[in-house]
S.K.: 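Handing you this structure, nothing more for now.
Convention: sequence-line order gives letters A, B, ...; per-chain numbering from 1.
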Number of protein chains: 2
Amino acid sequence: MLNVRSAEERPTGRDRTPVADQTARARIRDAAVLRFATDGFGASVRAIAKDAGVSPGLVMHHFGSKDALRELCDEHVLARIRELKNENIDHAAAGGNFLQTFASAEENAPILGYVLRSMQDGSALAREFVDHMIRDAVQYTEHAVATGLAVPSRDEAARARYLTLSALGALLLEVTLDPPEDPSDLVAILNRFMAASYLPLLELYTEGFLTTRRMLDDYLMYVTDPPDRTAAAESA
Amino acid sequence: MLNVRSAEERPTGRDRTPVADQTARARIRDAAVLRFATDGFGASVRAIAKDAGVSPGLVMHHFGSKDALRELCDEHVLARIRELKNENIDHAAAGGNFLQTFASAEENAPILGYVLRSMQDGSALAREFVDHMIRDAVQYTEHAVATGLAVPSRDEAARARYLTLSALGALLLEVTLDPPEDPSDLVAILNRFMAASYLPLLELYTEGFLTTRRMLDDYLMYVTDPPDRTAAAESA
DNA sequence: CAACATGCTACACACGCGTTCAGTCGCGAG
DNA sequence: CTCGCGACTGAACGCGTGTGTAGCATGTTG
């Protein structure tokens with residue numbers, strides 16, 4: 001898919017190599033994904049062009065505008081994610097640890113970094129990605145409940161959503177507060193985060209946190225029969 | 001470190017119009033906090049000046065630079081948070097729902113928005129705020145364990161950190177993916193998020209998620225006696 | 001060989017940014 | 001009253017940005 005080996009920059013025109021046009025586009029696109037992942041979406045077209053070894057004008061020539069370039073990057077990243085997912089669908093089905101599987105390969109670090117930047121940014125890509133993760137989580141938890149591996153919930157959809165948001169959110173916050181200089185460090189950071197969080201996560205998932213059902217029962221009582229409407233609706 | 005009440009220093013001057021000098025500074029500062037919360041830290045000095053009803057030059061005259069203005073905003077927000085915390089220390093001690101208590105007042109929406117923007121940005125303020133929340137969580141959980149309200153953890157610090165990161169991260173992700181147009185909507189969004197997440201959170205905290213201890217035991221076994229060192233240390 | 005097509009570059013333009021500066025206004029002091 | 005001083009303004013500067021455009025170099029074609 002991407003020009004790993006022989007495709008260096010060719011400053012002036014192409015000779016043989018009928019894919020010259022294609023590779024230039026792809027080179028710029030990959031450089032943009034990496035730059036966006038590294039510096040955020042404020043990265044300049046000039047920096048991307050420099051990384052790709054071309055002039056800024058060529059970027060416009062191929063993509064029309066920076067926004068169009070970013071949209072294409074979004075599509076590319078999303079397609080790559082789907083690809084990786086299909087490849088590792090057996091692994092991912094194990095426990096929803098799709099992130100870990102596709103972050104374990106260092107070559108995917110730019111993709112992961114791009115997705116995280118999108119989450120910081122709140123773009124459509126991020127929404128789509130998170131929605132996708134939530135839909136997957138619904139399937140996983142349903143399956144886990146059916147096989148007796150997980151306790152049932154009063155609202156499976158809400159639980160799947162919460163579990164996904166909290167897991168992704170914790171990772172996002174961690175990476176944001178302690179960002180890697182090099183996207184390839186992302187893998188290391190993610191591993192460090194997993195190492196620090198996996199025990200409390202497993203504890204929480206298997207042993208819970210509270211010893212008493214009082215808070216939960218109180219809340220359930222409150223939901224089915226709110227004691228005071230005005231207090232709940234005063235600022236809505 | 002921080003000017004608690006309304007009386008700041010008066011660098012030069014006369015005491016007629018006792019608040020004229022002061023109000024200008026404060027008005028710009030408050031406008032900056034609000035703008036930063038609304039538009040992020042890319043907001044222009046011109047926009048802030050316009051909101052405050054002054055010229056851009058005056059902003060520089062008072063604060064020296066945009067970065068200095070932001071640092072002062074950070075200090076102001078942090079001081080305000082400490083204030084609110086001391087006011088509601090009894091409420092906050094209930095269950096760590098400090099966020100809810102100080103987000104319930106609509107007047108604090110800019111403060112909350114500013115903190116969330118800082119988290120997106122990963123600034124020092126965000127780090128300090130999160131660290132503070134984690135330290136509080138350690139105290140709360142310790143107290144909860146001591147009174148038998150919470151189950152003990154094999155690593156209290158790691159659990160407190162994970163619980164805090166997941167809660168704040170979920171909120172951050174929610175707000176980022178579905179940002180409010182008006183910071184005052186933040187309260188509504190936070191309430192909506194709480195409404196959607198509180199049930200699964202309580203379920204998870206009291207009933208857990210997994211029915212079997214196998215994953216936890218496997219992990220504990222793995223930690224104390226790693227089956228394969230190379231796989232774990234290959235990319236560290 | 002001459003004409004054309006095209007991947008690509010160098011340059012330029014308009015814009016918004018943070019920041020600077022000369023100058024005005026209002027007011028207390030001598 | 002005059003003076004000085006500090007808050008304050010409006011215009012400008014320098015810079016970096018995204019984005020057009022003219023032109024160069026090269027491969028292809030009649």
Side-chain angles (χ1 to χ4, degrees), chain A residues 3 6-33 35-36 38-74 117 121 123, chain B residues 7-33 35-36 38-74 117 121 123:
Chain A
N3 39 7
S6 66
E8 281 94 333
E9 79 300 329
R10 186 178 330 281
T12 67
R14 72 277 185 269
D15 45 351
R16 212 42 65 100
T17 67
V19 288
D21 172 31
Q22 223 290 326
T23 43
R25 271 184 69 101
R27 217 169 55 232
I28 295 172
R29 191 234 298 133
D30 290 344
V33 169
R35 261 288 149 202
F36 284 149
T38 307
D39 297 351
F41 295 105
S44 71
V45 174
R46 285 171 170 83
I48 294 168
K50 195 173 184 180
D51 291 348
V54 300
S55 71
L58 189 62
V59 178
M60 311 309 297
H61 178 256
H62 276 306
F63 301 94
S65 74
K66 184 184 178 181
D67 284 343
L69 170 62
R70 179 175 168 182
E71 277 182 31
L72 203 134
C73 286
D74 278 10
R117 285 290 183 191
D121 188 66
S123 71
Chain B
E8 270 97 302
E9 77 302 317
R10 180 176 341 281
T12 70
R14 65 275 195 254
D15 55 340
R16 188 49 57 118
T17 63
V19 288
D21 171 31
Q22 217 287 327
T23 41
R25 271 185 71 102
R27 216 170 53 233
I28 294 173
R29 191 235 299 134
D30 291 344
V33 169
R35 261 288 149 199
F36 284 149
T38 308
D39 297 352
F41 295 104
S44 70
V45 173
R46 285 173 170 83
I48 294 168
K50 195 173 183 181
D51 290 349
V54 300
S55 71
L58 189 62
V59 177
M60 311 309 296
H61 175 67
H62 277 305
F63 300 94
S65 74
K66 184 184 178 180
D67 284 344
L69 170 62
R70 179 175 168 183
E71 277 182 32
L72 202 136
C73 287
D74 278 10
R117 285 291 183 190
D121 187 66
S123 71

S.K.: Only counting residues at least two apart or in another chain, list the ones meeting salt bridge (Lys or Arg N to Asp or Glu O under 4.0 Å) with D121(B).
M.R.: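 D121(B) satisfies salt bridge (Lys or Arg N to Asp or Glu O under 4.0 Å) with R70(B) only.
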S.K.: Determine whether a donor-acceptor pair (N or O, by modelled atom type, separation under 3.5 Å) exists between the side chain of K66(A) and the backbone of A43(A).
M.R.: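 Looks like yes, one N/O pair under 3.5 Å.
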S.K.: At how many degrees, to 10°, do the end axes of the helix from dC1(C)-dG30(D) to dG30(C)-dC1(D) meet when each uses five pairs?
M.R.: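 The value is 30°.
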S.K.: When the distance from NE2 of H61(A) to P of dT21(D) is rounded to whole Å, what number comes out?
M.R.: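 Answer to the nearest Å: 13 Å.
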S.K.: To the nearest angstrom, how far is I28(B) atom CD1 from dT9(D) atom P?
M.R.: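 To the nearest whole Å, that distance equals 8 Å.
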S.K.: Side-chain N or O of H62(B) less than 4.0 angstrom from OP1 or OP2 on dC8(D)?
M.R.: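 The answer is yes; a side-chain N or O of H62(B) sits under 4.0 Å from OP1 or OP2.
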S.K.: Checking L72(B) now: which residues fulfil side chain to side chain contact (heavy atoms under 4.5 Å, CB included) with it, not counting sequence neighbours?
M.R.: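 By the side chain to side chain contact (heavy atoms under 4.5 Å, CB included) rule, L72(B) matches R25(B), R29(B), F63(B).
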S.K.: Write down the distance between CG (L58(A)) and C1' (dC24(D)), rounded to a whole number of angstrom.
M.R.: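 Atom-to-atom, L58(A) to dC24(D), this comes out as 14 Å.
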S.K.: Only counting residues at least two apart or in another chain, list the ones meeting side chain to side chain contact (heavy atoms under 4.5 Å, CB included) with S55(A).
M.R.: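 Only L58(A) meet the side chain to side chain contact (heavy atoms under 4.5 Å, CB included) criterion with S55(A).
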S.K.: Between protein and nucleotides 11-17 of chain D, what N or O pairs are separated by less than 3.5 Å?
M.R.:
{"residue": "dA12(D)", "atom": "N6", "partner": "R46(B)", "partner atom": "NH2", "Å": "3.4"}

S.K.: Under the side chain to side chain donor-acceptor pair (under 3.5 Å) test, which residues partner D30(B), sequence neighbours left out?
M.R.: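 For D30(B) there are no side chain to side chain donor-acceptor pair (under 3.5 Å) partners, ignoring immediate neighbours.
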S.K.: Quick check: closest heavy atoms across H62(B) and A24(B), and the distance to 0.1 Å?
M.R.: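 H62(B) and A24(B) have their closest heavy atoms at NE2-CB, 4.3 Å.
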S.K.: I'd like to check the side chain to side chain contact (heavy atoms under 4.5 Å, CB included) partners of A47(B); sequence neighbours left out, ordered by chain and number.
M.R.: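 With sequence neighbours excluded, A47(B) shows a side chain to side chain contact (heavy atoms under 4.5 Å, CB included) to R35(B), S44(B), given in chain and number order.
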S.K.: Please report the distance, rounded to the nearest Å, between CE in M60(B) and P in dA7(D).
M.R.: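 My rounded result for the distance is 16 Å.
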S.K.: Grab the CZ-C1' distance between F63(A) and dT19(D) for me, whole Å please.
M.R.: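 Atom-to-atom, F63(A) to dT19(D), this comes out as 16 Å.
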S.K.: For T38(A), is there any backbone N or O sitting under 3.5 Å from a side-chain donor or acceptor partner on R117(A)?
M.R.: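 Confirmed, R117(A) side chain pairs with T38(A) backbone.
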